[in-house]
Undergrad: 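Attaching a single structure in structure tokens format; questions to follow.
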Protein chains: 2
Amino acid sequence: MQAKPFHHGNLRDDLLGRARATLRESGEDGLSLRQLAREAGVSHGAPRRHFPERQHLLDALAAQGFDELTATVVDQVERSDGDAVAAFRAVARSYIDFAVDDAALMDLMFSTKNSGAAPQVAAAADRFFTTIGGIVRAVVPASALPDGDTLRLQLLLVSTLHGIATLVGSGRLDAAQVDQLVDDASVLFGVRTGADP
Amino acid sequence: MQAKPFHHGNLRDDLLGRARATLRESGEDGLSLRQLAREAGVSHGAPRRHFPERQHLLDALAAQGFDELTATVVDQVERSDGDAVAAFRAVARSYIDFAVDDAALMDLMFSTKNSGAAPQVAAAADRFFTTIGGIVRAVVPASALPDGDTLRLQLLLVSTLHGIATLVGSGRLDAAQVDQLVDDASVLFGVRTGADP
DNA sequence: ACCTGAACACCGTTCAAGT
DNA sequence: ACCTGAACACCGTTCAAGT
């Protein structure tokens, strides 16, 4: 045990963890590299090794957010014992809960700034959309649209989920309505157990 | 004509206009009260009369954005000569175009920060959602859900539109897919001309 | 390889003072 | 009523220097 120990050990993860907490408490406006450095007990120049610019920290947070959400959603599927409909509902709830509980992070993940930006964020986002797309595909019928394009139906249902999640997150939908809306979406999109008919 | 004229005339609108332009060019990060004051040719303290804090400027921009979007959407309906289906498609396109063309403003309008916040933003947002809700209601069948709750179907379709718009805006959906997705949504939600069956 | 500490330019916010 | 200009605390970013 040392009083003033280190090269700190793992400054990057320490900063990321503190940033995540600050994001929850104070939003993006509350995030400051200098403040995080102060909390971590290093000089204000130290974070530069790991995050040369503030945007790099935001990118890392967004990528981490996508990975967390992907893991949560995969976990929900595994808990559903092959019941695709139950899996869909659980996934929808997780998605929406995430948007509400980590609203500032959600903003970062889907902000326009990150649209043309960091490859690590794009990769994590791709993983998430591939994952949730697969979950939705397993549950969506091939025949709901005239020419039976399942991919389009899948994109549409993901869009609906995302719309519900972001509207609840920004306070435009009441949280009490959400379960009903997800159920309605299930009915409308013909969500059901089993693969194509 | 005077060289160094004024009390400036209308600093508030001048600042708002410049802020809107900056938002399009450089995003929210590019917005600075001091920079706007410089561009308007006033001292850095002058904006304080109209926007005591930076957030007040952001709120004004968001409220203005909602009002613009509402006006655009109403205009599209009026151009559709009572054809509710055509109106719906035009409205959907306007919504999505807005999200793409004014992505930074869209972020401001639907950001979490504004969820519990400024009453003027909430009022403008309410006007928008009331308007678009009415348009959607006119086009949505009462019988698509088992117990025929039209309001829920309306909220669901608005959520879908919002999801498509934000996903395109953040680059997660290809703009080329959008028209097809809107058409698919029309089919799925049973969008049609005339009122309840 | 990782961190320190001074330096620079910029910012939001406050406030006494001008017209 | 509206604006100026100095002041304060804070920030991101850069960089030479330390261990």
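All figures in this text were calculated on a predicted structure; none of them were measured in a lab. Here is how names work: the chains are called A, B, and so on, in the same order as the sequence lines, proteins then strands, and each is numbered from 1.
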Undergrad: Choose from D:dT13, D:dT4, C:dG12 the nucleotide whose nearest atom is closest to any side-chain atom of A:L33.
TA: D:dT13
Undergrad: For B:R93 and B:D179, run salt bridge (charged side-chain N to carboxylate O under 4.0 Å, His left out): C-alpha distance rounded to whole Å, both residues' side-chain angles, the deciding distance at 0.1 Å, then the answer.
TA: CA-CA 8 Å; B:R93 264 235 76 92; B:D179 281 330; 2.3 Å; yes
Undergrad: Mapping A:R54 and B:H50 onto DNA chain D by nearest heavy atom, which one lands closer to the 5' end?
TA: B:H50
Undergrad: Tell me the interatomic distance from B:L57, atom CG, to C:dC11, atom P, rounded to whole angstroms.
TA: 14 Å
Undergrad: Within this structure, what is the CG-to-P distance between B:L36 and C:dC10, rounded to whole angstrom?
TA: 16 Å
Undergrad: So if I take every side-chain heavy atom of A:R34 and compare against D:dT4, D:dC11, D:dA7, which nucleotide ends up nearest?
TA: D:dC11
Undergrad: Within the structure shown, what part of the strands sits under 4.0 Å from A:R38 by heavy-atom distance: base, sugar-phosphate, or nothing?
TA: sugar-phosphate
Undergrad: Considering Watson-Crick and G-U wobble pairs with both distances under 3.5 Å, what does D:dA9 pair with?
TA: none
Undergrad: Taking NZ, NE, NH1 and NH2 as the nitrogens, is one of them in A:R54 or A:D59 under 4.0 Å from a carboxylate oxygen of the other?
TA: no
Undergrad: Could you state the atom-to-atom distance from CG of B:D13 to P of D:dC2 in whole Å?
TA: 13 Å
Undergrad: Find the distance B:E53:CD to C:dG12:P and express it as a whole number of Å.
TA: 12 Å
Undergrad: Taking salt bridge (charged side-chain N to carboxylate O under 4.0 Å, His left out) as the criterion, tell me which of B:D102, B:D14, B:D13, B:D101 meets it with B:R20.
TA: B:D102
Undergrad: Could you pick out which residue, A:R49 or A:L31, lies toward the 5' side of DNA chain D when each is mapped onto its nearest nucleotide?
TA: A:L31
Undergrad: Report the base-pairing partner of D:dC3 (Watson-Crick or G-U wobble, both distances below 3.5 angstrom), or none.
TA: none
Undergrad: Quick check for you: among C:dC15, D:dT13, C:dG12, whose closest atom lies nearest to any side-chain atom of B:R48?
TA: C:dC15
Undergrad: If hydrophobic clusters are built by linking Ile, Leu, Val, Met, Phe, Trp and Tyr wherever their side-chain heavy atoms come under 4.5 Å apart, do B:F88 and B:V74 end up in the same one?
TA: no
Undergrad: Kindly point out which of C:dC11, C:dC3, D:dC3 is positioned nearest to the side chain of B:A46?
TA: D:dC3
Undergrad: Given atom CG of A:D29 and atom P of D:dG12, what is their separation to the nearest angstrom?
TA: 12 Å
Undergrad: Paired with C:dA17: which nucleotide, if any, by Watson-Crick or G-U wobble criteria at under 3.5 Å for both distances?
TA: none
Undergrad: When you look at B:F98 and B:F66, which way does the ring pair (Phe, Tyr, Trp, His ring centres under 6.0 Å) test go after all the steps?
TA: CA-CA 10 Å; B:F98 187 90; B:F66 274 117; 8.6 Å; no
Undergrad: Take atom NE2 of A:H44 and atom P of C:dC3, then tell me their distance rounded to the nearest Å.
TA: 14 Å
Undergrad: Find the distance B:L15:CG to C:dG12:C1' and express it as a whole number of Å.
TA: 15 Å
Undergrad: Is any side-chain nitrogen or oxygen of A:S32 closer than 4.0 Å to OP1 or OP2 of D:dG12?
TA: yes
Undergrad: Mind calculating the distance between CG (A:D14) and P (C:dC3) to the nearest angstrom?
TA: 10 Å
